[in-house]
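What follows is a set of notes on a single structure, which appears directly below.
This structure is a prediction, so every number in the text was calculated from the model and none was measured. Values below: every heavy atom of this structure, side chains too, minus hydrogens, waters and symmetry copies.
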Amino acid sequence: MAKQKDKPKESPMEQPRKPVIDLPELRAAVIATDTLQPVIAQAVDSVTSDTLSNIIAQEQIISDTTATDTTEAILKVEIPQYEIADLFHDKPTVSTNNNKKWSLELAYAGQFDEQNRYNQPFSYKPYIDPNVQHSPGEGPTYIIPSSIDNWTDYAVYLANNPDVVSAQTRSAIMRIALNNANRPGEDKILRTSHHQMPVTWSLALKYRLNHRFGLESGFSYSRLNSDFEMGADGNTIREQQTIHYLGIPIKGIYNMYGGNRWGIYGSFGLTTEIPVQSTLHSDFYVNGQYEASDKTTIRAPWQLSTTFGLGLQIHLTPHVGFFVEPSLQYYIPMKTDIETYRTEHPFTISLPLGIRLTW
């Protein structure tokens, strides 16, 4: 047989070297592998759990931060507040009028209304002089009544008190009273009243506290006219009553809107009026013929009133304006027998208008 040729041996550099593992090492590796697997698994689980916890915590922080930021953003949002000035296109003059503190106004409130009362029962209240002493005589003593509501009693009163009027006037009143008393069923005194709305002039000075509020005070003059007539068939007494008042008003002003061309404001105040002159002029007619006249001074009371107004001002120039101020007045009732427009109309609507100078 041919001798089989041996394969050439590989050199040590060419042959791969296999690791030589003996049995003890293999056993130790197996033991080590079995021991590390739970540890590795536990470590992996721990890392995974910590990672998930961190992610959840970070997401919670981000969520809380976002919610807080959103809440703060919502709280920081300002709700717009609108004023009357925002409703108009006219540019407000608050900034340009900051230096204008004072204003002077002249106003007029005229008569555009009248109050008439026809044939109303009237009671005359005689004046009793406390200084006059009546000594009792042998005959019956005349007792002055507290009020007289018929012509007969009025004639008797004049006959027993000749000093209450002048001789000429007393004679005319006596004939008027007797002629009206002789009319059948017409002995009661009836009076027709005609009250004119008061005429008022006022001069006031206003000081502006700020761009909204101001105070106003000054002087006012009012004239109250009333006409009365008693009797019938030409036997009449016609009276003209005039009362002059000097008042001191005090008002608070609230500026609702102020523009370059016009402005709106409200006012509320109290006025005290003092009568400076009060007269009653009487004319006496007998059978249609003028007989006599008399002029006496009457005692008018003080007058207190409250007022509430809403004004509109038109700016003619930066310093001159025209205003109209519709007002509601309440005249507090005073203890008096004198009838005026105010006693018949405690609540009155007036329309003051005038010119205002501002500086």
Side-chain angles (χ1 to χ4, degrees), residues 114-197 224-243 278-301 333 335-345:
E114 297 178 350
Q115 174 66 28
N116 299 320
R117 298 182 64 186
Y118 299 98
N119 296 326
Q120 298 294 318
F122 175 75
S123 296
Y124 176 78
K125 294 186 177 181
Y127 172 70
I128 301 176
D129 190 351
N131 298 322
V132 176
Q133 301 292 332
H134 298 277
S135 58
E138 294 180 359
T141 303
Y142 175 75
I143 300 176
I144 300 177
S146 59
S147 63
I148 300 173
D149 62 355
N150 60 80
W151 292 107
T152 302
D153 290 345
Y154 193 29
V156 173
Y157 166 74
L158 292 175
N160 288 276
N161 296 273
D163 297 332
V164 294
V165 292
S166 64
Q168 183 181 3
T169 303
R170 175 172 170 270
S171 174
I173 299 177
M174 284 286 293
R175 284 181 288 167
I176 292 172
L178 293 174
N179 290 339
N180 281 284
N182 292 330
R183 298 175 65 227
E186 298 292 339
D187 193 29
K188 290 293 182 179
I189 300 177
L190 301 178
R191 186 170 77 161
T192 296
S193 304
H194 176 75
H195 301 289
Q196 298 179 358
M197 190 172 186
L224 282 70
N225 290 331
S226 299
D227 298 327
F228 308 100
E229 184 174 344
M230 295 178 291
D233 296 338
N235 299 287
T236 58
I237 302 174
R238 298 175 184 176
E239 299 174 334
Q240 296 178 346
Q241 176 182 281
T242 304
I243 304 176
S278 306
T279 58
L280 181 67
H281 182 86
S282 303
D283 293 327
F284 306 98
Y285 294 84
V286 179
N287 296 323
Q289 299 294 323
Y290 170 79
E291 289 288 331
S293 63
D294 185 27
K295 186 177 181 180
T296 59
T297 300
I298 57 178
R299 301 180 62 181
K335 293 182 178 180
T336 180
D337 297 326
I338 298 177
E339 294 182 12
T340 65
Y341 185 92
R342 294 172 175 175
T343 60
E344 300 300 315
H345 285 283

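Put simply, NE2 on His281 and CD on Gln241 are 13.5 Å apart, with the number rounded to the nearest 0.5 Å. Atoms CD and CE, from Glu114 and Met197 in turn, are 11.0 Å apart once rounded to the nearest 0.5 Å. To the nearest 0.5 Å, atoms CG (Leu190) and CZ (Arg117) are separated by 12.0 Å. Here the straight-line distance linking atom CG of Leu158 with atom CG of Asp153 works out to 11.0 Å at 0.5 Å rounding. Here CD1 of Ile148 is found 12.0 Å from NZ of Lys125. Values are rounded to the nearest 0.5 Å. Taking CZ of Phe284 as the reference point, atom OG1 of Thr169 lies at 5.0 Å (rounded to 0.5 Å).
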task = Could you please spell out the steps behind the side chain to side chain contact (heavy atoms under 4.5 Å, CB included) verdict for Thr296 and Thr279?
result = CA-CA 6 Å; Thr296 59; Thr279 58; over 6 Å; no
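You'll find the side chain of Trp151 stays beyond 4.5 Å of the side chain of Leu178, heavy atoms only. Counting only heavy atoms from C-beta outward, the side chains of Thr343 and Ile338 never approach each other to under 4.5 Å. A 4.5 Å side-chain heavy-atom check between Arg191 and Gln120 finds every atom pair outside the cut-off. A heavy-atom distance below 4.5 Å is found between the side chains of Glu339 and Ser193. With a 4.5 Å cut-off on side-chain heavy atoms, Asn119 and Thr192 count as touching. Taking 4.5 Å as the limit, every side-chain heavy atom of Pro121 sits out of range of all side-chain heavy atoms of Asp149. Within the 4.5 Å cutoff, the side chain of Tyr154 has no heavy atoms near those of the Asn180 side chain. Side-chain atoms of Asp233 and Asn179, non-hydrogen and from C-beta on, never get closer than 4.5 Å to each other.
Scanning all heavy atoms of the two residues, the minimum distance from Val286 to Ala172 falls at CG2-O, 3.9 Å. Considering all non-hydrogen atoms of both residues, Pro126 and Ser146 come closest at CD-O, 3.7 Å. Looking at every heavy atom in both residues, Ile243 comes nearest to Ser278 through CG2-OG, 3.5 Å. When all heavy atoms of Ile237 and Ile176 are compared, the closest pair comes out as CG1-CD1, 4.0 Å.
Listed by chain and number, the residues in a side-chain contact (heavy atoms from CB on, under 4.5 Å) with Arg170 are Pro162, Val165, Met174 (sequence neighbours excluded). Among residues two or more places apart in sequence or in another chain, the side-chain hydrogen bond (donor to acceptor under 3.5 Å, both in side chains) test is passed with Tyr285 by none. Residues satisfying the side-chain contact (heavy atoms from CB on, under 4.5 Å) criterion with Pro301, sequence neighbours excluded, are Tyr245, Met334, Thr336.
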For residues 288-295, dump all side-chain donor-acceptor pairs below 3.5 Å to protein atoms at least two apart in sequence or in another chain.
from, atom 1, to, atom 2, distance (Å)
Tyr290, OH, Ser293, OG, 3.1
Glu291, OE1, Arg175, NH2, 2.9

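Listed for the Asn161 side chain is a donor-acceptor partner under 3.5 Å among the backbone atoms of Tyr157.
Pairs engaging residues 172-193 under the ring pair (Phe, Tyr, Trp, His ring centres under 6.0 Å) rule: none recorded [sequence neighbours left out]. Identified under the ring pair (Phe, Tyr, Trp, His ring centres under 6.0 Å) test for residues 166-195, with sequence neighbours left out: His195-Phe228.
When the options His345, Glu344, Gln196 are evaluated for a side-chain hydrogen bond (donor to acceptor under 3.5 Å, both in side chains) with Gln115, the one that passes is His345.
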